[in-house]
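Numbering of ligands and ligand atoms starts at 1, following listing order.
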Amino acid sequence: MADAFTTLLLTPEEMGRADKAAALSGIDSYGLMERAGQAVAAAALRLYPEAKRFVVLCGPGNNGGDGYVAARALAQAGAETTIHALADTAGLKGDAAEAHRRCALPVAPLSAWRPAVGDVVIDAVFGAGLARDVPPDLARVIREVGERELPVVAVDLPSGLDGLTGQIRGAAFMASHTVTFMTAKPGHALLPGRQLCGPVEIFDIGIPHRIVNSVAGRLRVNRPGLWTLPDTDASSHKFRRGHLAVFAGGPSATGAARLSASAGLRAGAGLVTVGATPEAVPALAAHLTAVMIREIGDPHVLADWIADPRLTAFVLGPGFGTGKRARDYVELLAGRPLVLDADGITSFRDNPDQLFSLYEDASLPTLVMTPHEGEFARLFPDIAGDAEAGKVEKACRAAARARAVIVYKGADTVIAAPDGRAFINDNAPPDLATAGSGDVLAGIIGGLLAQGMPAFEAAAAGVWLHGEAGKRAGAALTAEDLPEALHHVLRQMAVREEQPSL
Ligand SMILES: NC(=O)C1=CN([C@@H]2O[C@H](COP(=O)(O)OP(=O)(O)OC[C@H]3O[C@@H](n4cnc5c(N)ncnc54)[C@H](OP(=O)(O)O)[C@@H]3O)[C@@H](O)[C@H]2O)[C@@H](O)CC1
Ligand SMILES: [K+]
């Protein structure tokens, strides 16, 4: 289970506001810096008790200020410590100037440092205030530290990493450990940032939690506790656990719909039916047992079937084929709970507004779209092409425009709702990027939607469960392994819920 502070992500801008609000409420801002720097020194001593020398690299702002505090604490603890600064210390202001004043160690320029084996780097060059690509001097040092594979303890963020977007500004340290303050930041969770941080330690420097909560936006790391799975009590009747309909494509492409359907069933949908044209039925019938098949001979049969209110959710896209048929089906589904994936998304590339208008009346979103990067760019070319925007901003803008939940897939999938809520998912193992994996994800989300979960929660839970199933299935998994692995994950979660002490 997740408590509010372990899932909360504050953007650098929100963190700055927390800092200002803390100062306005009378909290000594230098005290915050002192605790931040002390925490960094404590982590460095704990992680590298045998270090020959700590080299503290200090920048021109408050991240550098944390560095001066840490350097003083390391030296006081008896560790050999040297400081190299990016800019002249005469330019330091406010708390950073105070931290430097209290630190008696000499400060050499960054350009004078030649990284040597045995050095442990304390990276306090840039944190939340990184505003552009790192200067060439620092880029050189980053390269040399990387070449020598020196351990790096990053203060707040590895310098060069954009805390908002997770992107690298020119060059960035590859940290072995990161110490950040109060909450994690989006850049710690998004890629490539996540891979640059090492384990992230979140240290409470004493900003009152009510202040942190007052500046917090709607961004979280995706975790159970942010959503609740439907009650999968074995005694609940299958008709009460909803009925998911998955649409299949042509006879040579039924595998994708089968994967979605099996996953939907494993996710707890009471009934799952694959709707297919007569040509595709034999191929489906040869493989499906627990999943039912509905032959859709002509458009009237389709319309009658879809109109049945007992069908509580739909999946359209996996292996479906692109074109008018997909658009016609979605038109009939307007407003109903739908997971639109793959070909279903691509079918609207020439007229995305046609799709969006079909779902504009819903007061709460009922459409979930699950695009990977290429599909996202087909529906939202202007948003995808905005070089300034990060993945979270892109997903949020797309969700608002489409009035749909957007699952912007990748190793750092972002789930965004039209109301501005957004979760970053971080539990997907690399093996999950395998053929058919997306079909399974669409089916899991469909299965949760069918049970009445709201679209955003169903999407977030589906993405997390998909990641856990991938971990459970292990290395060299295939998509066929995932529904079974999901079954184990859900069973384990149910056991934990029954025995909270586990
Ligand atoms: N929030 C809190 O509660 C607390 C925050 N704390 C700490 O404060 C940190 C944030 O401090 P910060 O805002 O001073 O930003 P920071 O990262 O030091 O950089 C700004 C400086 O860098 C400069 N600069 C930027 N990019 C550059 C580039 N590419 N190349 C060259 N220069 C560049 C920029 O110059 P400018 O853009 O103004 O020209 C400015 O001088 C935060 O990460 C945490 O460690 C803790 O003390 C505890 C309390
Ligand atoms: K840093």
Side-chain angles (χ1 to χ4, degrees), residues 10-25 27-41 43-44 55-70 84-100 110 121-139 141-142 145 152-164 167-185 187-188 193 196-198 200-209 211-212 215:
L10 285 191
T11 65
E13 188 264 331
E14 286 162 355
M15 191 65 194
R17 278 197 278 132
D19 194 23
K20 284 202 186 76
L24 278 176
S25 77
I27 287 162
D28 164 29
S29 65
Y30 179 76
L32 299 177
M33 181 175 282
E34 183 68 30
R35 285 191 284 282
Q38 294 282 352
V40 170
V55 179
V56 185
L57 308 180
C58 291
N62 287 337
N63 197 250
D66 297 349
Y68 290 108
V69 174
H84 290 270
L86 179 70
D88 191 345
T89 54
L92 291 169
K93 294 191 195 74
D95 293 334
E98 177 65 13
H100 169 251
L110 185 70
V121 179
I122 309 295
D123 160 26
V125 187
F126 298 121
L130 181 73
R132 50 197 174 276
D133 283 3
V134 299
D137 243 15
L138 180 60
V141 167
I142 288 171
V145 166
V152 176
V153 178
V155 181
D156 199 10
L157 292 154
S159 297
L161 171 58
D162 186 314
L164 178 65
Q167 296 297 309
I168 295 171
R169 306 292 303 257
F173 281 112
M174 172 76 88
S176 22
H177 194 90
T178 296
V179 182
T180 191
F181 312 115
M182 302 310 298
T183 73
K185 315 295 174 313
H188 296 128
L196 301 179
C197 295
V200 178
E201 186 178 329
I202 302 170
F203 186 81
D204 188 334
I205 53 173
I207 299 179
H209 289 199
I211 291 182
V212 173
V215 301

Margin query: Give me the nearest non-hydrogen protein atom to atom 18 (O) of ligand 1 as residue plus atom name, then the distance to 0.1 Å.
Written below: Asn63 N, 2.9 Å

Check: What's the spacing between Thr183 OG1 and Glu14 CD if we round to 0.5 Å?
Finding: 8.5 Å

Checklist line | Numbering as shown, the atoms of ligand 1 that approach Asp156 to under 4.0 Å (heavy-atom distance) | finding: 42 (C), 43 (O), 44 (C), 45 (O)

Next item on the list: Return the option from Ala23, Ser159, Ala128 holding the heavy atom at the smallest distance from atom 10 (C) of ligand 1.
Entry: Ala128

Next item on the list: Report, in ascending order of atom number, the atoms of ligand 1 lying under 4.0 Å from any heavy atom of Ile205.
Entry: 48 (C), 49 (C)

Next item on the list: Please write down residue, atom name and distance for the protein heavy atom closest to atom 35 (O) of ligand 1.
Entry: Arg132 NH2, 4.1 Å

Margin query: Could you check whether atom 38 (O) of ligand 1 has a protein contact, counting only heavy atoms that fall below 4.0 angstrom?
Written below: no

Notebook entry, point to check: Are Gly16 and ligand 1 in contact, using a heavy-atom cut-off of under 4.0 Å?
Noted result: no

Check: Which of the atoms of ligand 1 are close to Ile207, meaning less than 4.0 Å from one of its heavy atoms?
Finding: 3 (O)

Notebook entry, point to check: In the protein, what heavy atom is nearest to atom 8 (O) of ligand 1, and what distance, to one decimal place, separates them?
Noted result: Asn62 CB, 3.1 Å

Which pairs would a plain distance check flag for residues 85-94, meaning a side-chain donor or acceptor within less than 3.5 Å of a matching protein atom at least two apart in sequence or in another chain?
residue, atom, partner, partner atom, Å
Asp88, OD1, Ala90, N, 3.1

Check: For ligand 1, which atoms, with element, lie under 4.0 Å from some heavy atom of Met33?
Finding: 47 (O)

Checklist line | Atom of Val69, atom of Ala99 and distance for their closest heavy-atom approach | finding: CG2-CB, 3.8 Å

Item checked: Sub-3.5 Å N/O-N/O distance, Ala131 and ligand 1 -> yes

Next item on the list: Please confirm if an N, O or S atom belonging to Phe126, backbone or side chain, lies less than 3.4 Å from the K ion (ligand 2).
Entry: yes

Checklist line | Test side chain to side chain contact (heavy atoms under 4.5 Å, CB included) applied to Leu10 and Phe181, step by step | finding: CA-CA 10 Å; Leu10 285 191; Phe181 312 115; over 6 Å; no

Margin query: Any N/O/S atom from Val155 (main chain or side chain) under 3.4 Å of the K ion (ligand 2)?
Written below: yes

Margin query: Students should be able to answer this: which protein heavy-atom is nearest to atom 41 (O) of ligand 1, and at what distance?
Written below: Pro60 CG, 3.7 Å

Next item on the list: Dump the intermediate steps for side chain to side chain contact (heavy atoms under 4.5 Å, CB included) on Leu138 and Phe173, then the final yes or no.
Entry: CA-CA 10 Å; Leu138 180 60; Phe173 281 112; 4.1 Å; yes

Next item on the list: Could you check atom 33 (C) of ligand 1 against the protein and tell me its nearest heavy-atom contact, residue, atom and distance included?
Entry: Phe126 CE2, 3.2 Å

Check: So do His188 and Thr178 actually touch side chain to side chain, heavy atoms under 4.5 Å?
Finding: yes

Check: Can you list the ligand 1 atoms lying under 4.0 Å from a non-hydrogen atom of Asp19?
Finding: 1 (N), 2 (C), 3 (O)

Check: Are any non-hydrogen side-chain atoms of Ile122 and Val40 less than 4.5 angstrom apart?
Finding: yes

Item checked: Under 4.0 Å to a heavy atom of Gly127 - the qualifying atoms of ligand 1, by number -> 16 (P), 17 (O), 43 (O)

Note to self: Suppose we measure from atom 45 (O) of ligand 1 to each protein heavy atom; which comes out shortest, and what is that distance?
What the structure shows: Asp66 OD2, 2.6 Å

Margin query: Rounding to 10°, state the angle centred on the K ion (ligand 2) that links O in Asp123 with OD1 in Asn63.
Written below: 90°

Next item on the list: Go through the steps to decide whether Asp28 and Glu34 satisfy the test side chain to side chain contact (heavy atoms under 4.5 Å, CB included), and finish with yes or no.
Entry: CA-CA 10 Å; Asp28 164 29; Glu34 183 68 30; over 6 Å; no

Next item on the list: Would you kindly specify which portion of Leu86 sits under 4.0 Å from ligand 1, judged on non-hydrogen atoms: side chain, backbone, both or neither?
Entry: neither

Next item on the list: Go through ligand 1 atom by atom and flag the ones less than 4.0 Å from a non-hydrogen atom of Asp133.
Entry: 28 (C), 29 (N)

Checklist line | Any N or O of Leu32 closer than 3.5 Å to N or O of ligand 1 | finding: no

Item checked: Identified side chain to side chain contact (heavy atoms under 4.5 Å, CB included) counterpart of Val121 within the set Val152, Val153, Val56 -> Val152

Check: Which protein heavy atom lies closest to atom 25 (C) of ligand 1, and at what distance to 0.1 Å?
Finding: Gly129 O, 3.3 Å

Note to self: Restricting to non-hydrogen atoms, name the atom on Ala22 and the atom on Ile207 that form the minimum distance, rounded to 0.1 Å.
What the structure shows: CB-CG2, 4.2 Å

Check: Looking only at heavy atoms, what is the nearest atom pair of Ile205 and Met182, with distance?
Finding: N-SD, 3.3 Å

Next item on the list: Might you work through the side chain to side chain contact (heavy atoms under 4.5 Å, CB included) test for Leu164 and Glu13, ending with a clear yes or no?
Entry: CA-CA 8 Å; Leu164 178 65; Glu13 188 264 331; over 6 Å; no

Checklist line | Rounded distance (nearest 0.5 Å) linking atom CD1 of Ile168 with atom OG of Ser159 | finding: 12.5 Å

Notebook entry, point to check: Which salt bridge (charged side-chain N to carboxylate O under 4.0 Å, His left out) pairs, counting each pair once, include a residue from residues 126-136, with sequence neighbours left out?
Noted result: Asp133-Arg169

Next item on the list: Just to the nearest 10 degrees, tell me the angle at the K ion (ligand 2) spanned by Leu157 O and Ser159 OG.
Entry: 100°

Checklist line | atom 49 (C) of ligand 1 protein-contacted (non-hydrogen atom, under 4.0 angstrom) | finding: yes

Item checked: Minimal non-hydrogen separation, Ala43 against Glu201, with atom names -> CB-OE1, 3.8 Å

